[in-house]
Amino acid sequence: MPSIVGQQGPQGLDRTQVDWLASTAQRIQDRIETVLEGKSEVVRLTLTVLLAEGHLLIEDVPGVGKTLLAKALARAVDCTVRRIQFTPDLLPSDVTGVTVYDQHRGEFEFKPGAVFANLVVGDEINRASPKTQSALLECMGEHQVTVDGTTYVLEAPFMVVATQNPVEMEGTYPLPEAQRDRFMARVAMGYPAPAAELRMLEGHAAANPIDDLQPVADTADVVKLIETVRAVYVSDEVKQYVINLVSATRDHPDLRLGASPRASLHLIRAARAHAVLGGRGFVLPDDVKTLAVAVLAHRLIPTAEARIGRRDAQQIVADLLDRVPVAVSSGGQRRS
């Protein structure tokens, strides 16, 4: 692994670093796609969120491969993994951990919960009560857990991949705004194409292919990948474009709640990862445009009038991408 540059110049990372990251990420993606047919864009977004130090919310109907994607990522990257099946009777202490009294030693001992892993798979997160959902807030936002006044730092890398069913389905609780805001991006799996579903029937009918999935990277590799992404160059023009785009959501007449400052930060981080996965050491406005819907839409709350008019958050973000001008450089040339 080449050393990380200490100074971010206008050229971004050097070619050796960019090629190393892109090739390593491609190997991870190829390995995941051996068990997840026809979902290249979803897998690429998942890797983008991982390298940008974010968390991913996968929303769709049951049976389209949400949990399979999370498990395949865990297998492709050899790191510690814990899975939480969210149910109405799940307690916050099941997630974060609990302090118990050890009679033999005569002292209290902390028993870590399921969040103490590099990759936490939260299956059907919106089937748990809001009280249990909120147990994830601190660990997702600050990478730490506080139990009985003691704070425990979570080991890097740390990523939550949560799946949820549409809120219209029975037995679901809508995620609160603070919880949704901590997810860097939301993605829908969608139904597979007929050809991909046919390959799935041929390859998955006899055995579960994920059982034979071998890792192509480990925890140390992921940490180096993340450090490399941090060094990707972002110009002032691109930063201003992100600010203008996010600010436009706060004044939009069809939105009751706009995007937060955390959304701006997440969009920049995701754009860095997207740029280097595309073979560049610097961010372009096109990186921001590609990720804007996935990063912003789940944080927005349309007004009642917009819902009646069937204008959802994704449509509103797409409309803003057409309306908000891309920042220009000092020389007057567009950067996209």
Side-chain angles (χ1 to χ4, degrees), residues 25 28-29 31-33 35-77 79 81-87 90 95 114-115 117-128 132-133 136 139-140 157-169 171-177 179-193 196-197 200 210 213 263 266 269-270 273-274 277 290-300 312-314 317:
I28 297 174
Q29 179 169 348
R31 189 55 54 92
I32 294 174
E33 289 183 1
V35 299
L36 198 69
E37 298 281 356
K39 296 297 177 183
S40 296
E41 292 184 3
V42 175
V43 175
R44 178 55 63 98
L45 179 60
T46 302
L47 290 177
T48 299
V49 173
L50 172 65
L51 300 185
E53 302 175 86
H55 309 288
L56 181 66
L57 180 62
I58 308 174
E59 180 179 290
D60 219 317
V61 296
V64 293
K66 301 188 299 294
T67 305
L68 181 63
L69 171 60
K71 287 184 175 180
L73 174 63
R75 288 292 186 95
V77 178
C79 59
V81 182
R82 296 289 297 272
R83 178 178 178 272
I84 308 173
Q85 179 63 57
F86 283 81
T87 56
L90 189 73
V95 177
V115 296
N118 297 123
L119 181 61
V120 177
V121 180
D123 207 3
E124 296 185 309
I125 186 174
N126 60 337
R127 289 199 180 278
T132 301
Q133 292 176 9
L136 288 170
C139 66
M140 291 178 65
F158 174 71
M159 179 182 183
V160 175
V161 179
T163 71
Q164 73 168 356
N165 298 323
V167 294
E168 294 83 3
M169 305 192 72
T172 60
Y173 301 83
L175 292 180
E177 290 80 1
Q179 183 77 62
R180 294 201 306 270
D181 195 45
R182 280 166 170 78
F183 285 101
M184 177 173 284
R186 180 185 64 181
V187 65
M189 297 292 295
Y191 290 112
E197 192 165 4
M200 181 194 72
I210 202 170
L213 191 66
H266 282 181
R269 288 179 177 176
H274 187 269
L277 288 175
T290 300
L291 296 166
V293 173
V295 174
L296 298 179
H298 65 285
R299 309 168 192 266
L300 309 178
D312 59 19
Q314 290 91 333
V317 174

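Predicted model, so just to flag it, every value in this text is computed and none were measured.
Side-chain contact, Glu124 with Gln164: no donor N or O sits under 3.5 Å from an acceptor N or O. Inspection of the Arg31 and Gln29 side chains reveals no N or O donor paired with an N or O acceptor under 3.5 Å. At a cut-off of 3.5 Å, with distance as the only test, a side-chain donor of Ser40 or Glu33 sits close to an acceptor on the other residue.
Residues Leu119 and Ala70 share a closest heavy-atom pair of CD2-O, 3.9 Å. The shortest non-hydrogen separation linking Arg82 to Ala117 is CG-CB, 3.4 Å. Residues Val35 and Leu68 share a closest heavy-atom pair of O-CD2, 3.4 Å. Annotation for Cys139 and Val115: closest pair SG-CG1, 4.1 Å, computed over non-hydrogen atoms. Of all heavy-atom pairs spanning Met184 and Ala52, the tightest one is CE-O, 3.4 Å. Leu300 approaches Ala313 most closely through the heavy-atom pair CB-CB, 4.1 Å.
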Discussion item. Evaluate His55 against Phe158 for ring-ring contact (aromatic ring centres under 6.0 Å, His included), listing each step before the verdict.
Written reply: CA-CA 9 Å; His55 309 288; Phe158 174 71; 5.7 Å; yes
Discussion item. Determine whether Phe86 and Thr132 satisfy the following criterion, side-chain contact (heavy atoms from CB on, under 4.5 Å), listing intermediate values before the conclusion.
Written reply: CA-CA 9 Å; Phe86 283 81; Thr132 301; 4.3 Å; yes
Practice prompt. Take Arg186 and Val293 through the test side-chain contact (heavy atoms from CB on, under 4.5 Å) and record every step on the way to the result.
Written response: CA-CA 9 Å; Arg186 180 185 64 181; Val293 173; over 6 Å; no
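Rounding to the nearest 0.5 Å places CG of Asp181 at 11.0 Å from CZ of Phe183. The CD1 atom of Ile58 sits 11.5 Å away from atom CD1 of Ile125, with the distance rounded to the nearest 0.5 Å. One finds the OG1 atom of Thr163 at 10.0 Å from the CD atom of Glu59 (value rounded to the nearest 0.5 Å). For the atom pair NE2 (His274) and CG (Leu51), the distance works out to 12.0 Å, reported to the nearest 0.5 Å. Here the CG atom belonging to Leu277 is positioned 6.5 Å from the CG atom belonging to Leu47, to the nearest 0.5 angstrom. Taking CZ of Arg299 as the reference point, atom CD of Glu177 lies at 13.0 Å (rounded to 0.5 Å).
Looking only at side-chain heavy atoms (C-beta outward), Val121 and Ile84 stay at 4.5 Å or farther from each other. Within the 4.5 Å cutoff, side-chain heavy atoms of Ile32 are placed close to those of Ile28. Side-chain contact between Met140 and Gln179: present, with at least one pair of heavy atoms (C-beta onward) separated by less than 4.5 Å. For the pair Val81 and Asn118, the minimum side-chain heavy-atom distance is 4.5 Å or more. Ile210 has its side chain within reach of Arg75: a pair of non-hydrogen atoms, C-beta onward, lies under 4.5 Å apart. Within the 4.5 Å cutoff, the side chain of Leu56 has no heavy atoms near those of the Leu50 side chain.
A distance-only check finds no donor-acceptor pair linking the side chain of Arg83 to the backbone of Asp123 [under 3.5 Å]. Of the possible donor and acceptor atoms, none in the side chain of Thr48 sits under 3.5 Å from a partner among the backbone N and O of Ala270. With Arg182 contributing its side chain and Leu136 its backbone, the two residues share no donor-acceptor pair below 3.5 Å. The backbone N or O of Arg180 sits less than 3.5 Å from a side-chain atom of His298, completing a donor-acceptor pair.
Applying the salt bridge (charged side-chain N to carboxylate O under 4.0 Å, His left out) criterion to Arg269, with sequence neighbours excluded, gives no partner residue.
Checked against Val187 for a side chain to side chain contact (heavy atoms under 4.5 Å, CB included), the options Val49, Leu45, Leu57 give a single hit: Leu45.
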